[in-house]
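Side-chain atoms are counted along with the backbone in the values below, which use heavy atoms only and exclude waters and symmetry mates.
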Amino acid sequence: MTDAAALPGQPRGGVLSGPATPRAVNVLAPNASAMTLDGTNTWILSEPDSDLAVVIDPGPLDEGHLRAVVDTAEAAGKRVALTLLTHGHPDHAEGAVRFAGLTGTKVRALDPALRLGEEGLGAGEMVRVGGLELRVVPTPGHTADSLCFHLPADQAVVTGDTVLGRGTTVVAHPDGRLGDYLDSLRRLRSLTVDDGVHTVLPGHGPVLEDAQGAVEFYLAHRAHRLAQIETAVENGHRTPGAVVEHVYADVDRSLWPAAELSVRAQLEYLEEHGLI
(Lines give C-alpha, C1' and ligand atoms only; values in the text may rest on other atoms or scores of the structure.)
Protein backbone atom coordinates (compact mmCIF):
# COMPACT_ATOMS: atom_id res chain seq x y z
CA MET A 1 0.00 0.00 0.00
CA THR A 2 1.28 3.47 -0.91
CA ASP A 3 1.71 5.92 1.93
CA ALA A 4 -0.59 8.91 1.28
CA ALA A 5 2.21 11.23 2.39
CA ALA A 6 4.23 10.00 -0.61
CA LEU A 7 1.48 10.87 -3.10
CA PRO A 8 1.17 14.27 -4.82
CA GLY A 9 -0.37 16.76 -2.41
CA GLN A 10 -0.45 14.28 0.49
CA PRO A 11 -4.13 13.27 0.24
CA ARG A 12 -5.89 12.84 3.56
CA GLY A 13 -7.20 9.35 4.22
CA GLY A 14 -10.50 8.36 5.80
CA VAL A 15 -14.10 9.33 5.14
CA LEU A 16 -14.51 12.22 2.70
CA SER A 17 -17.68 13.66 4.23
CA GLY A 18 -17.38 15.63 7.45
CA PRO A 19 -15.12 18.29 8.97
CA ALA A 20 -11.96 19.10 6.99
CA THR A 21 -10.66 22.25 8.70
CA PRO A 22 -11.98 24.33 11.63
CA ARG A 23 -14.19 26.24 9.16
CA ALA A 24 -14.91 23.71 6.41
CA VAL A 25 -17.22 20.69 6.32
CA ASN A 26 -17.76 18.49 3.27
CA VAL A 27 -21.01 16.82 2.26
CA LEU A 28 -20.25 14.30 -0.48
CA ALA A 29 -22.80 14.07 -3.30
CA PRO A 30 -23.92 10.60 -4.42
CA ASN A 31 -22.72 11.04 -8.00
CA ALA A 32 -19.54 8.96 -8.11
CA SER A 33 -18.18 8.19 -11.59
CA ALA A 34 -14.95 7.92 -13.50
CA MET A 35 -15.08 11.69 -14.07
CA THR A 36 -16.36 12.80 -10.64
CA LEU A 37 -14.24 10.34 -8.61
CA ASP A 38 -16.04 9.68 -5.29
CA GLY A 39 -18.63 12.35 -6.11
CA THR A 40 -18.87 16.13 -5.88
CA ASN A 41 -17.64 17.76 -2.68
CA THR A 42 -20.13 20.35 -1.44
CA TRP A 43 -18.37 22.65 1.02
CA ILE A 44 -20.07 24.29 4.01
CA LEU A 45 -17.89 27.11 5.37
CA SER A 46 -18.47 29.16 8.52
CA GLU A 47 -16.75 30.73 11.48
CA PRO A 48 -16.90 28.35 14.46
CA ASP A 49 -18.83 30.84 16.61
CA SER A 50 -21.16 32.08 13.85
CA ASP A 51 -24.68 30.92 13.04
CA LEU A 52 -24.26 31.79 9.34
CA ALA A 53 -22.68 29.61 6.68
CA VAL A 54 -21.62 29.77 3.03
CA VAL A 55 -22.10 26.78 0.73
CA ILE A 56 -19.80 26.30 -2.26
CA ASP A 57 -21.01 24.07 -5.12
CA PRO A 58 -24.36 22.55 -4.08
CA GLY A 59 -23.69 19.85 -6.65
CA PRO A 60 -26.08 17.89 -8.86
CA LEU A 61 -29.85 18.26 -8.82
CA ASP A 62 -30.33 15.52 -6.23
CA GLU A 63 -32.99 16.34 -3.66
CA GLY A 64 -31.56 14.01 -1.04
CA HIS A 65 -28.11 15.55 -1.32
CA LEU A 66 -29.34 19.14 -1.27
CA ARG A 67 -31.43 18.49 1.82
CA ALA A 68 -28.48 16.69 3.43
CA VAL A 69 -26.40 19.86 2.98
CA VAL A 70 -29.09 21.96 4.67
CA ASP A 71 -29.49 19.38 7.45
CA THR A 72 -25.74 19.25 8.05
CA ALA A 73 -25.56 23.01 8.41
CA GLU A 74 -28.61 23.16 10.67
CA ALA A 75 -27.34 20.33 12.87
CA ALA A 76 -24.28 22.51 13.54
CA GLY A 77 -26.50 25.46 14.43
CA LYS A 78 -25.87 27.21 11.10
CA ARG A 79 -28.16 28.88 8.58
CA VAL A 80 -26.99 28.91 4.98
CA ALA A 81 -26.75 32.60 4.04
CA LEU A 82 -25.03 32.47 0.64
CA THR A 83 -24.35 30.02 -2.19
CA LEU A 84 -21.19 30.28 -4.33
CA LEU A 85 -20.14 28.38 -7.45
CA THR A 86 -16.62 27.51 -8.57
CA HIS A 87 -17.87 27.00 -12.15
CA GLY A 88 -20.90 25.98 -14.13
CA HIS A 89 -20.47 22.27 -14.82
CA PRO A 90 -23.64 20.38 -13.84
CA ASP A 91 -21.99 18.18 -11.22
CA HIS A 92 -21.19 21.38 -9.30
CA ALA A 93 -23.95 23.78 -10.25
CA GLU A 94 -27.02 21.92 -11.50
CA GLY A 95 -28.62 21.89 -8.03
CA ALA A 96 -27.93 25.57 -7.30
CA VAL A 97 -31.37 26.94 -8.19
CA ARG A 98 -33.18 24.30 -6.13
CA PHE A 99 -30.72 24.77 -3.27
CA ALA A 100 -31.31 28.51 -3.36
CA GLY A 101 -35.01 27.78 -3.06
CA LEU A 102 -34.46 25.54 -0.06
CA THR A 103 -32.27 28.09 1.72
CA GLY A 104 -33.58 31.42 0.47
CA THR A 105 -30.09 32.43 -0.64
CA LYS A 106 -28.62 34.24 -3.60
CA VAL A 107 -26.25 32.38 -5.89
CA ARG A 108 -23.05 34.19 -6.80
CA ALA A 109 -20.83 33.03 -9.68
CA LEU A 110 -18.54 34.47 -12.31
CA ASP A 111 -20.91 33.55 -15.15
CA PRO A 112 -23.99 35.82 -15.08
CA ALA A 113 -26.13 32.95 -16.42
CA LEU A 114 -25.53 31.02 -13.18
CA ARG A 115 -26.37 33.82 -10.75
CA LEU A 116 -29.52 34.29 -8.73
CA GLY A 117 -29.34 37.95 -7.80
CA GLU A 118 -27.36 40.73 -9.37
CA GLU A 119 -24.02 40.26 -7.61
CA GLY A 120 -21.23 38.48 -9.40
CA LEU A 121 -17.74 37.67 -8.17
CA GLY A 122 -14.66 39.74 -9.00
CA ALA A 123 -10.96 38.94 -8.87
CA GLY A 124 -9.55 39.61 -5.42
CA GLU A 125 -12.96 40.36 -3.94
CA MET A 126 -13.42 39.43 -0.28
CA VAL A 127 -16.72 37.68 0.44
CA ARG A 128 -17.74 38.16 4.07
CA VAL A 129 -20.53 36.26 5.85
CA GLY A 130 -20.88 35.99 9.61
CA GLY A 131 -17.23 36.88 10.17
CA LEU A 132 -16.04 34.37 7.57
CA GLU A 133 -13.74 35.80 4.91
CA LEU A 134 -13.24 34.23 1.48
CA ARG A 135 -11.08 35.80 -1.21
CA VAL A 136 -12.07 35.21 -4.84
CA VAL A 137 -9.20 33.84 -6.95
CA PRO A 138 -9.85 33.71 -10.71
CA THR A 139 -8.53 30.41 -12.09
CA PRO A 140 -9.72 30.00 -15.69
CA GLY A 141 -8.47 27.04 -17.66
CA HIS A 142 -10.57 24.02 -16.73
CA THR A 143 -13.42 26.27 -17.84
CA ALA A 144 -13.45 29.97 -18.66
CA ASP A 145 -15.55 30.71 -15.55
CA SER A 146 -13.54 28.70 -13.02
CA LEU A 147 -12.86 30.30 -9.64
CA CYS A 148 -11.13 29.24 -6.44
CA PHE A 149 -11.85 30.60 -2.97
CA HIS A 150 -9.00 31.38 -0.58
CA LEU A 151 -9.89 30.78 3.08
CA PRO A 152 -7.07 32.66 4.86
CA ALA A 153 -8.09 31.75 8.41
CA ASP A 154 -7.56 28.04 7.66
CA GLN A 155 -4.65 28.54 5.23
CA ALA A 156 -6.81 26.67 2.73
CA VAL A 157 -8.18 27.08 -0.79
CA VAL A 158 -11.37 25.63 -2.29
CA THR A 159 -10.36 24.65 -5.82
CA GLY A 160 -13.41 23.21 -7.58
CA ASP A 161 -12.02 21.27 -10.55
CA THR A 162 -8.85 23.34 -10.93
CA VAL A 163 -6.99 20.98 -8.58
CA LEU A 164 -8.51 17.61 -7.65
CA GLY A 165 -7.86 15.48 -4.61
CA ARG A 166 -6.78 12.59 -6.82
CA GLY A 167 -5.44 12.49 -10.36
CA THR A 168 -5.43 15.52 -12.65
CA THR A 169 -8.15 17.63 -14.19
CA VAL A 170 -9.40 18.12 -17.74
CA VAL A 171 -8.86 21.33 -19.66
CA ALA A 172 -12.34 21.35 -21.20
CA HIS A 173 -11.64 22.66 -24.73
CA PRO A 174 -12.89 24.88 -26.31
CA ASP A 175 -14.17 26.69 -23.20
CA GLY A 176 -11.05 25.74 -21.28
CA ARG A 177 -7.65 26.95 -22.48
CA LEU A 178 -4.29 25.52 -21.49
CA GLY A 179 -2.44 28.84 -21.34
CA ASP A 180 -5.04 30.17 -18.92
CA TYR A 181 -4.85 26.97 -16.90
CA LEU A 182 -1.08 27.15 -16.53
CA ASP A 183 -1.37 30.78 -15.40
CA SER A 184 -4.01 29.72 -12.87
CA LEU A 185 -1.78 26.99 -11.47
CA ARG A 186 1.02 29.54 -11.07
CA ARG A 187 -1.45 31.84 -9.30
CA LEU A 188 -2.30 29.03 -6.88
CA ARG A 189 1.40 28.30 -6.38
CA SER A 190 1.90 31.91 -5.32
CA LEU A 191 -0.85 31.43 -2.72
CA THR A 192 1.14 28.56 -1.25
CA VAL A 193 4.42 30.50 -1.29
CA ASP A 194 3.27 34.02 -0.40
CA ASP A 195 0.06 33.45 1.57
CA GLY A 196 0.85 30.26 3.47
CA VAL A 197 -1.87 28.12 1.90
CA HIS A 198 -1.18 24.47 2.65
CA THR A 199 -4.60 22.76 2.42
CA VAL A 200 -6.57 22.09 -0.77
CA LEU A 201 -10.32 21.60 -0.42
CA PRO A 202 -11.03 20.12 -3.87
CA GLY A 203 -14.23 19.68 -5.84
CA HIS A 204 -13.63 15.93 -6.01
CA GLY A 205 -11.49 13.53 -4.02
CA PRO A 206 -9.78 13.81 -0.65
CA VAL A 207 -8.45 16.92 1.06
CA LEU A 208 -4.80 17.57 0.21
CA GLU A 209 -2.41 18.51 3.00
CA ASP A 210 0.41 19.77 0.76
CA ALA A 211 -1.02 22.43 -1.53
CA GLN A 212 2.33 23.45 -2.96
CA GLY A 213 3.26 19.86 -3.70
CA ALA A 214 -0.05 19.34 -5.48
CA VAL A 215 0.33 22.43 -7.65
CA GLU A 216 3.95 21.61 -8.50
CA PHE A 217 2.84 18.12 -9.51
CA TYR A 218 0.14 19.57 -11.77
CA LEU A 219 2.61 21.92 -13.44
CA ALA A 220 5.12 19.11 -13.99
CA HIS A 221 2.38 16.81 -15.31
CA ARG A 222 1.26 19.41 -17.84
CA ALA A 223 4.83 20.01 -19.02
CA HIS A 224 5.31 16.25 -19.43
CA ARG A 225 2.05 15.83 -21.38
CA LEU A 226 2.93 18.76 -23.66
CA ALA A 227 6.28 17.18 -24.44
CA GLN A 228 4.60 13.84 -25.17
CA ILE A 229 2.06 15.44 -27.48
CA GLU A 230 4.68 17.49 -29.29
CA THR A 231 6.66 14.29 -29.91
CA ALA A 232 3.52 12.43 -31.01
CA VAL A 233 2.75 15.10 -33.60
CA GLU A 234 6.34 15.01 -34.86
CA ASN A 235 5.90 11.25 -35.30
CA GLY A 236 2.82 11.69 -37.46
CA HIS A 237 -0.04 11.49 -34.93
CA ARG A 238 -1.72 14.69 -36.04
CA THR A 239 -5.40 14.38 -35.12
CA PRO A 240 -6.65 14.66 -31.50
CA GLY A 241 -7.98 11.09 -31.63
CA ALA A 242 -4.66 9.72 -32.88
CA VAL A 243 -2.76 11.61 -30.20
CA VAL A 244 -5.06 10.24 -27.47
CA GLU A 245 -4.55 6.67 -28.69
CA HIS A 246 -0.80 7.16 -28.68
CA VAL A 247 -0.21 9.28 -25.55
CA TYR A 248 -3.07 8.04 -23.35
CA ALA A 249 -2.75 4.35 -24.21
CA ASP A 250 -2.37 3.48 -20.51
CA VAL A 251 -5.53 5.41 -19.52
CA ASP A 252 -8.95 3.75 -19.17
CA ARG A 253 -10.63 4.04 -22.58
CA SER A 254 -13.81 5.34 -20.92
CA LEU A 255 -11.82 8.50 -20.12
CA TRP A 256 -10.56 9.02 -23.66
CA PRO A 257 -13.35 11.46 -24.65
CA ALA A 258 -12.32 13.71 -21.73
CA ALA A 259 -8.66 13.20 -22.58
CA GLU A 260 -9.38 14.34 -26.14
CA LEU A 261 -10.67 17.67 -24.79
CA SER A 262 -7.36 18.21 -23.02
CA VAL A 263 -5.43 17.11 -26.11
CA ARG A 264 -7.31 19.64 -28.23
CA ALA A 265 -6.43 22.35 -25.71
CA GLN A 266 -2.78 21.28 -25.71
CA LEU A 267 -2.56 21.14 -29.50
CA GLU A 268 -4.03 24.65 -29.64
CA TYR A 269 -1.44 25.83 -27.09
CA LEU A 270 1.44 24.27 -29.03
CA GLU A 271 0.21 25.83 -32.28
CA GLU A 272 -0.16 29.25 -30.69
CA HIS A 273 3.42 29.06 -29.43
CA GLY A 274 4.80 27.86 -32.77
CA LEU A 275 5.90 24.51 -31.34
CA ILE A 276 4.09 22.34 -33.91
Side-chain angles (χ1 to χ4, degrees), residues 2 6-9 11 31-38 40 86-92 111 138-148 159-190 192 200 202-205 208 210-276:
T2 302
L7 296 174
N31 61 333
S33 72
M35 288 297 294
T36 61
L37 305 181
D38 310 274
T40 300
T86 62
H87 65 297
H89 279 168
D91 56 313
H92 294 257
D111 185 348
T139 50
H142 170 66
T143 60
D145 69 330
S146 287
L147 299 171
C148 293
T159 55
D161 282 354
T162 299
V163 174
L164 305 179
R166 185 170 66 250
T168 56
T169 199
V170 172
V171 178
H173 183 273
D175 184 41
R177 293 176 57 84
L178 182 59
D180 291 343
Y181 186 62
L182 294 174
D183 288 342
S184 293
L185 290 176
R186 296 182 188 109
R187 191 171 297 121
L188 289 177
R189 181 171 58 187
S190 73
T192 71
V200 172
H204 304 280
L208 300 178
D210 177 16
Q212 184 173 354
V215 174
E216 295 288 2
F217 170 76
Y218 266 57
L219 285 165
H221 171 77
R222 284 297 166 201
H224 178 63
R225 281 295 193 217
L226 275 172
Q228 287 181 307
I229 290 170
E230 186 176 357
T231 299
V233 171
E234 290 172 354
N235 290 335
H237 304 280
R238 297 192 174 277
T239 67
V243 172
V244 169
E245 290 184 17
H246 181 72
V247 174
Y248 291 79
D250 59 339
V251 174
D252 188 327
R253 291 179 69 95
S254 69
L255 298 177
W256 279 13
E260 185 169 325
L261 295 179
S262 281
V263 166
R264 288 180 181 275
Q266 290 172 94
L267 288 172
E268 180 181 69
Y269 178 87
L270 290 169
E271 289 172 359
E272 289 174 348
H273 290 76
L275 298 173
I276 58 172

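Interatomic distance, CD of E245 versus CZ of R253, reported as 6.5 Å (0.5 Å rounding). To the nearest 0.5 Å, atoms CG (L147) and OG1 (T159) are separated by 12.0 Å.
Side-chain polar atoms of T169 and D161 form no donor-acceptor pair below 3.5 angstrom. For the residue pair D91 / H204, a side-chain donor-acceptor distance below 3.5 Å is found, with atom types taken as modelled.
For R186, the salt bridge (Lys or Arg N to Asp or Glu O under 4.0 Å) test picks out D183, with sequence neighbours left out. Residues passing the salt bridge (Lys or Arg N to Asp or Glu O under 4.0 Å) test with E272 are R177, sequence neighbours excluded.
The shortest distance between side-chain heavy atoms of L182 and Y269 falls below 4.5 Å. Side-chain contact between L185 and V163: present, with at least one pair of heavy atoms (C-beta onward) separated by less than 4.5 Å.
Relative orientation of the Y181 and Y218 rings is tilted, given thresholds of 30° and 60° on the angle between their planes.
Between E268 and R264, none of the side-chain N atoms (NZ, or NE/NH1/NH2) sits under 4.0 Å from a carboxylate O, so this pair counts as no salt bridge.
Across H173, Q266, R225, a single residue satisfies side-chain contact (heavy atoms from CB on, under 4.5 Å) together with L178, and that is Q266.
Counting only distance, with no hydrogens or angles, the side chain of W256 and the backbone of V251 share a donor-acceptor pair below 3.5 Å.
When all heavy atoms of H237 and V243 are compared, the closest pair comes out as O-CG2, 3.1 Å.
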